[in-house]
Amino acid sequence: MDVWGDSYTIGKWQDLIVETLESGDSTPIFNINPKDTREFDAIFLGGGAAGRFGAAYLRALGGRVLIIDRWPFLGGSCPHQACVPHHLFSDCAAQLMLERTFSSKLWFQNLEDKIVSIKNIVDLFRNGRTGPHAVMNYQSKEQLGLEFVLNAESEIIDANTVKIGKRKYQAKNLVLALGAKPLVADIPGASLKGVFNSLTLVEKLDYEPGNTIVVIGGGKSAIEYGCFFNATGRRTLVIARHQLMPMLKDAESRSYAILMMEEQGMEFLEYAEISNIQGDLQGKVKSVSIRTADGTINVDTDFVFMGLGEQANSEMIAQKLALETGEKGFIKINRHMQTSVHNVYAVGDVTGSPMEMFKARKEGVCAAKNIMGQTSEYKAADYPDFMHTHYEVCWLGLSEEEARQRHANVKVMKLPPDNPNGLDVGLPAGDRMMLYLMAKPRMSGFQKLIIDGDTRKILGAFHIGYGAKDGFQYLNFLVKKGLTIDDLADMDELFISPSYFIQLCRLRAGDPHFNNM
Ligand code: FAD
Ligand code: KPC
C-alpha cells in the first residue's frame, strides 16, 4: 500500500499497525515521494534508533534518504521488545517494592504472601506498545518528512541496490542498522517451553509463571528482569557464571545495591552455572540443575529467564556483501562507521557494545554526516550509565578504587555517612524516597561523589535511589569538561532533589584542603 500524500494521524497509524501485526499481512507500506527524482544518498536498512536518527539527520543536512524496515513501524526494538518493556517492568518493580514495604500500612493494600500476575503485565505491554509505534511513524512521516518502506521483506542485490518485491531501489550508500537479538545459552534443555529471554518474554508468554523463577546471567538484563520477577512476589534465583553486575565498579555502591536486592529476597549464586534444564512429558521446563563450587543443586521451576547479552542481526547480509564481522556477528566498522566495503556503513547494535540508545543514535548521525561530505568520527567512551534493580542505579566516571589507583589525593563525599551502627541513618532520600526515609531509612538510598583533592575536579559519581538519571546525563557532560567541587558549590539546587552533590560540595568548597564527608 502507498501512504505518500495521505495524512496519517497517530490513531490511523495505530489502527494500521495493530491490524498488520495481528493479521500477519505482509503487504509493504510505501511512503516514497514519486515527484522526487534525486538518487538516494543512502538507504538505511533498519529503522530503529540508529536508522531513524541517522536518516533524519541525513535529510536535515539536505540529502535524500530511504529507510526500509521489516516491521510495520519505525523505532525498532526499543518500543517493541527492549527499553520500553524493560522500563515498564522496572517501574512495576519499584512500585511493588514500595507496596510490599508498606503492606497494610497507611493506604497500602495487604500484599503479604500475594503474587502479582506477570502475564497481565506482559499483556498490558503487548496491548500498549503500538501507541509509541504509531507516534514514531507519525513523527517520521508528518514531522520529519522521511521516506520509508515498512513491513518489507527486502533483498540486498549489491552495495547500492535493495529490492522489495519487484521494485528496486538504488542509493549511493547503504547503511546497515539491523540491530541485535538476545543470545541463547548452549545448555541442554534451552529450547524447552518455559525458557525465555527479553524478546520471547513479550512475544510468547502464554501462561502464568509459578512461584520460583531462575534467571541466568549477572549483567543488566538478568538483574533488571530478575528484580521485576522478585517484586511480583516470586522466589527469584539469579545464577551468574562470574561476579554479579561487573559494570558497577564502585565496591560500596555495588554492595549497597546487592544488599538491598537481598533484603527484597533476591537469591544470588555467583560463579555457578546451569548445567541442564529438565522438561516434563509436554516439553515444558520443570527443573534446572545448577553446578556450584560445592556441588550440583536442583531447583524446581517452570520459568527460566536468560539474560545473557546479544548477538548481531547481521548473518545473511554481512555474508552477501562480504563484510568483515567479529565475535557474535558484530559488523566491524572504523570511526567513520564505514564497514570493510567503502560505501556500506553499519550503525547501532549491529556493530556491538555498548548496546545503548545514545550510542545507536549517535552512530546513525555520524554515518549521515560522513555520507553528506562532513568528516565525522565517533567512538562511544566516557559515557554515564545506569541499570535498574528495584531502584535506579546510576554512575559516571571512576569508581573510588579506580580513582585511588590513578590519583594521589582522592576525596569522597557520600550519604549516608560511614556509621558504626549500619545503614539505619535518616539520609539520603529525596523525591520518591520520602516514605522510606521516615519508615525504613536503610532503604532511602546511597550516593557518592569522588573528587581529586589536588585539582578539585570531579572524578566519579554514583547514585542508588530514584530520579538522578536525568541529572547524570548533564553531569557527565560537565565532568568531561572539567567540573570542579567549586562549580558544583556554585550551582542552584532544586531542593530536595534526589542527589545531594551540590549541597555537599558547598559545605566543603571553602576549604582549600577539604576533607571527606
Ligand atoms: P533496533 O532498534 O533493534 O533496530 C533494528 C531494526 O532493523 C529493527 O526495526 C528491525 O525490524 C530492522 N531489521 C532487522 N533486520 C532487517 C532486515 N533484514 N530487513 C529490514 N529490516 C530489518 N538502551 C538504552 O539506552 N536504555 C535502556 O533502558 C535499554 N533497555 C534495553 C532493554 C532490553 C531488554 C534490551 C534488549 C535492550 C535495551 N537497550 C536499552 C538497548 C537498545 O534497545 C538498543 O541499543 C537499541 O534499540 C539499538 O537500536 P538499533 O537501531 O541499533 O537496533
Ligand atoms: C520511548 C520512545 O521514545 C519510543 S522508542 C524510541 C525509538 S527511536 O526514537 O527511533 O530511537
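Indexing begins at 1, ligand by ligand and atom by atom, following the structure's order. Starting from 1, each residue takes its place in the sequence as its number. Predicted model only: the values in this text are computed from it and were never measured.
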Could you identify the single nearest non-hydrogen protein atom to [atom] and state the distance to 0.1 Å?
atom: atom 51 (O) of ligand 1; answer: Ala50 N, 2.9 Å
atom: atom 4 (O) of ligand 1; answer: Gly48 CA, 3.6 Å
atom: atom 18 (N) of ligand 1; answer: Ile317 CD1, 3.9 Å
atom: atom 21 (N) of ligand 1; answer: Arg70 N, 3.2 Å
atom: atom 37 (C) of ligand 1; answer: Ala82 CB, 3.5 Å
atom: atom 36 (C) of ligand 1; answer: Glu310 OE2, 3.4 Å
atom: atom 11 (O) of ligand 1; answer: Asp69 OD1, 2.7 Å

Would you please determine whether Ala177 falls within less than 4.0 Å of ligand 1 on a heavy-atom basis?
-> yes
For Glu153, is the nearest heavy atom under 4.0 Å from an atom of ligand 1?
->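 In this structure, Glu153 fails to qualify as a contact of ligand 1 - no heavy atom is under 4.0 Å.
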Given the ring of [Y], does [X] sit roughly above its face, with NZ or CZ under 6.0 Å from the centre of the six-membered ring and within 45° of the axis?
X: Arg167; Y: Phe30; answer: yes
X: Lys220; Y: Phe386; answer: yes
X: Lys469; Y: Phe472; answer: no
X: Arg64; Y: Phe40; answer: yes
X: Lys193; Y: Tyr207; answer: no

Could you list which atoms of ligand 1 come closer than 4.0 Å to a heavy atom of [X]?
X: Gly179; answer: 3 (O), 5 (C), 53 (O)
X: Gly348; answer: 52 (O)
X: Gly46; answer: 6 (C), 7 (O), 12 (C)
X: Ser198; answer: 34 (C), 36 (C)

When you look for heavy atoms under 4.0 Å from ligand 1, do you find them on the side chain of [X], its backbone, both, or neither?
X: His86; answer: side chain
X: Met316; answer: neither
X: Phe386; answer: side chain
X: Tyr225; answer: side chain
X: Glu224; answer: neither

If you look only at distance, which donor and acceptor atoms sit under 3.5 Å apart when one is on a side chain in residues 70-83 and the other is two or more places apart or in another chain?
{"residue": "His80", "atom": "ND1", "partner": "His133", "partner atom": "NE2", "Å": "2.9"}
{"residue": "Gln81", "atom": "NE2", "partner": "Glu203", "partner atom": "OE2", "Å": "2.9"}

Tell me whether [X] has any N or O atom under 3.5 angstrom from an N or O of ligand 1.
X: Ser77; value: yes
X: Glu356; value: yes
X: Asp349; value: yes
X: His87; value: yes
X: Ala360; value: no

Report yes if some heavy atom in the side chain of [X] is under 4.5 Å from a heavy atom in the side chain of [Y]; otherwise report no.
X: Thr351; Y: Lys359; value: yes
X: Gln264; Y: Met443; value: yes
X: Leu396; Y: Phe462; value: no
X: Phe44; Y: Phe148; value: no

For ligand 2, list all ligand N or O to protein N or O distances below 3.5 Å, rounded to 0.1 Å.
{"residue": "ligand 2", "atom": "9 (O)", "partner": "Arg52", "partner atom": "NH2", "Å": "2.9"}
{"residue": "ligand 2", "atom": "9 (O)", "partner": "Arg361", "partner atom": "NH2", "Å": "3.4"}
{"residue": "ligand 2", "atom": "10 (O)", "partner": "Arg52", "partner atom": "NE", "Å": "2.8"}
{"residue": "ligand 2", "atom": "11 (O)", "partner": "Arg361", "partner atom": "NE", "Å": "3.0"}
{"residue": "ligand 2", "atom": "11 (O)", "partner": "Arg361", "partner atom": "NH2", "Å": "2.9"}

Drop me the distance from Ile67's CD1 to Asn31's CG, to the nearest 0.5 angstrom.
-> 10.0 Å
salt_bridge(Lys181, Glu315) N-O dist < 4.0 Å | yes
Whether Asn160 side chain and Ala171 backbone form a donor-acceptor pair below 3.5 Å | yes
Considering only distance and modelled atom types, tabulate donor-acceptor pairs under 3.5 Å from the side chains of residues 14-21, sequence neighbours left out.
{"residue": "Gln14", "atom": "NE2", "partner": "Thr130", "partner atom": "OG1", "Å": "3.1"}
{"residue": "Thr20", "atom": "OG1", "partner": "Leu16", "partner atom": "O", "Å": "2.6"}

Looking only at heavy atoms, which two atoms of Phe446 and Pro428 are closest? And how far apart?
->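 Minimum heavy-atom contact is N-CG, 3.9 Å.
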Is the NZ atom of Lys480 crowded by more than 12 outside heavy atoms at less than 6.0 Å?
->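 Check passes, neighbour count above 12.
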CA sep, side-chain torsions, deciding dist, call: Arg241, Glu273, salt bridge (charged side-chain N to carboxylate O under 4.0 Å, His left out) | CA-CA 5 Å; Arg241 255 194 198 167; Glu273 58 185 355; 2.8 Å; yes
Ala49, Pro72, Ser154: member with heavy atom nearest to atom 19 (N) of ligand 1 = Ser154
Validation: residues 84-95 side-chain donor-acceptor distances under 3.5 Å, sequence neighbours left out:
{"residue": "His86", "atom": "NE2", "partner": "Glu224", "partner atom": "OE1", "Å": "3.1"}
{"residue": "His86", "atom": "NE2", "partner": "Glu224", "partner atom": "OE2", "Å": "3.3"}
{"residue": "Ser90", "atom": "OG", "partner": "His86", "partner atom": "O", "Å": "3.1"}
{"residue": "Gln95", "atom": "NE2", "partner": "Glu99", "partner atom": "OE2", "Å": "3.1"}

